[in-house]
There are 2 protein chains.
Amino acid sequence: MTSSSDGSTNLLPLVKFDSNGMVPVIAQQHDTLETLMMAWMNEKAIKATLSTGQVHYWSRSREALWRKGETSGQTQDLIDMRLDCDGDTLLLLVDQKGVACHTGRRTCFFRALRDGEIVETEPVITPPDELYGQ
Amino acid sequence: MTSSSDGSTNLLPLVKFDSNGMVPVIAQQHDTLETLMMAWMNEKAIKATLSTGQVHYWSRSREALWRKGETSGQTQDLIDMRLDCDGDTLLLLVDQKGVACHTGRRTCFFRALRDGEIVETEPVITPPDELYGQ
């Protein structure tokens with residue numbers, strides 16, 4: 001099997017994209033193992049991520065390639081890319097600079113169900129107006 | 001706001017299901033923080049999970065409610081249910097009995113891209129014929 005230097009030619013044939021050409025991607029902080037966020041990639045985003053080492057997603061709403069942190073500065077360095085048994089989900093181990101969530105929290109998963117009520121479990125570390133200059 | 005004892009009436013209005021009524025769900029082992037798998041839930045699966053404390057998914061291929069481990073015995077006890085900022089992904093902290101993957105590995109994410117090649121990073125702990133009695 002041939003391989004490009006970044007492995008995309010080995011990985012891409014194993015990825016089962018959905019009918020829109022998308023695959024869900026979980027980003028996990030490589031050392032603390034916090035689950036940071038879930039977003040989507042298409043083939044272009046996978047290639048951009050592997051060739052640069054900077055995580056890129058595909059914005060389904062904007063229909064555009066999106067380098068994580070391109071506006072906020074809160075980038076993700078790729079540490080490891082993993083594929084699941086069915087080939088239909090990617091898991092990225094990343095090094096998240098700052099906060100992953102657009103609300104300014106470290107992780108997007110900051111709402112939890114506790115004793116039947118929704119509670120917020122994570123503080124805002126960097127307010128959105130600092131992230132986005134609004 | 002009223003709440004049912006299991007919190008489903010508080011959670012469900014915050015979940016943004018896709019056009020098929022599905023939401024992606026990440027299962028993470030609560031203590032080791034391994035990312036185990038990704039699957040899908042609909043409203044029925046969320047309600048079954050919250051009311052029983054045993055994780056249920058919706059099988060999109062079989063179009064059926066599926067209690068994780070109902071055939072293999074490799075069940076998931078729900079420890080914590082979390083929702084992301086956009087309401088379109090759930091993160092479950094679970095206690096996974098045995099192996100999460102139908103291949104007999106602890107996690108479904110056992111293929112990684114290393115130096116441009118796909119390598120398997122997790123051993124088979126329980127062979128599928130033991131899990132499924134084939």
Side-chain angles (χ1 to χ4, degrees), chain A residues 1-11 13-14 23-29 32-40 46 50 60-61 78-93 100-105 107-119 121-122, chain B residues 1-11 13-14 18 23-29 32-40 46 50 61 78-93 100-105 107-119 121-122:
Chain A
M1 182 183 283
T2 61
S3 68
S4 66
S5 60
D6 64 16
S8 58
T9 56
N10 285 332
L11 180 73
L14 302 176
V23 62
V25 181
I26 303 161
Q28 183 173 22
Q29 174 66 23
T32 63
L33 301 184
E34 290 169 280
T35 301
L36 298 170
M37 57 182 286
M38 202 285 282
W40 297 80
I46 292 174
L50 289 174
R60 296 178 302 167
S61 56
L78 179 67
I79 306 294
D80 200 29
M81 184 177 284
R82 299 182 190 167
L83 184 66
D84 77 346
C85 51
D86 295 323
D88 60 8
T89 306
L90 290 170
L91 172 65
L92 307 188
L93 295 187
C101 186
H102 74 289
T103 66
R105 294 173 176 88
T107 167
C108 293
F109 296 97
F110 61 86
R111 296 185 286 180
L113 197 55
R114 303 278 168 85
D115 298 324
E117 302 290 336
I118 302 291
V119 298
T121 59
E122 300 278 334
Chain B
M1 184 182 283
T2 60
S3 67
S4 65
S5 59
D6 65 15
S8 59
T9 56
N10 285 332
L11 179 73
L14 302 176
D18 71 12
V23 62
V25 182
I26 303 161
Q28 182 173 25
Q29 174 65 25
T32 63
L33 301 184
E34 292 168 277
T35 301
L36 299 170
M37 57 181 286
M38 202 283 281
W40 297 80
I46 292 174
L50 290 174
S61 55
L78 179 67
I79 306 294
D80 201 28
M81 183 177 282
R82 299 182 190 166
L83 184 66
D84 78 345
C85 51
D86 296 323
D88 60 9
T89 307
L90 289 171
L91 172 66
L92 306 188
L93 296 187
C101 186
H102 75 288
T103 67
R105 294 172 175 88
T107 166
C108 293
F109 296 97
F110 62 84
R111 295 185 286 179
L113 197 55
R114 303 279 167 84
D115 298 325
E117 303 290 336
I118 302 291
V119 297
T121 60
E122 299 280 333

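Naming convention: chains lettered A, B, ... in sequence-line order (proteins, then strands); numbering from 1 in each chain. Keep in mind that the numbers below use all heavy atoms, side chains included, and drop hydrogens, waters and symmetry copies.
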Using non-hydrogen atoms only, which part of [X] is less than 4.5 Å away from chain A: side chain, backbone, both, or neither?
X: B:L90; result: backbone
X: B:L11; result: both
X: B:T89; result: both
X: B:T121; result: neither

Q. Roughly how far, to the nearest 0.5 Å, is the CG atom of B:L50 from the CE atom of B:M81?
A.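 Here the interatomic distance stands at 4.0 Å.
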Q. In terms of heavy-atom proximity below 4.5 Å to chain B, should A:I26 be classed as side chain, backbone, both, or neither?
A.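 Interface part for A:I26: side chain.
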Q: Would you mind telling me which of A:R111, A:Q28, A:R82, A:M38 has the largest number of heavy-atom pairs within less than 4.5 Å of chain B?
A: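 Result: the option with the highest number of such pairs is A:R111.
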(Q) If you count heavy-atom pairs within less than 4.5 Å of chain B, which of A:D88, A:L83, A:T35, A:V119 leads? (A)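 Highest number of pairs under 4.5 Å: A:L83.
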Q: Kindly indicate, with the supporting measurements, whether the criterion side chain to side chain contact (heavy atoms under 4.5 Å, CB included) is fulfilled by B:D86 and A:H102.
A: CA-CA 10 Å; B:D86 296 323; A:H102 74 289; 3.8 Å; yes
Q. Quick one: are B:L14 and A:I118 in side-chain contact, heavy atoms under 4.5 Å?
A.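 The answer is yes, as the side chains (C-beta and beyond) meet within the 4.5 Å cut-off.
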Q: With sequence neighbours left out, write down each residue that passes side chain to side chain donor-acceptor pair (under 3.5 Å) with A:R114, or none if nothing qualifies.
A: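 Here the qualifying residues are B:D80.
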Q) Looking at residues at least two apart in the chain, or sitting in another chain, which of them share a side chain to side chain donor-acceptor pair (under 3.5 Å) with A:E122? A)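 Scan of A:E122 (side chain to side chain donor-acceptor pair (under 3.5 Å), adjacent residues dropped) gives none.
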Q.
Ring of A:F110, cation from A:R105 - is the NZ or CZ under 6.0 Å from the centre and inside 45° of the axis?
A.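 Flagged: A:R105 positioned over aromatic ring of A:F110.
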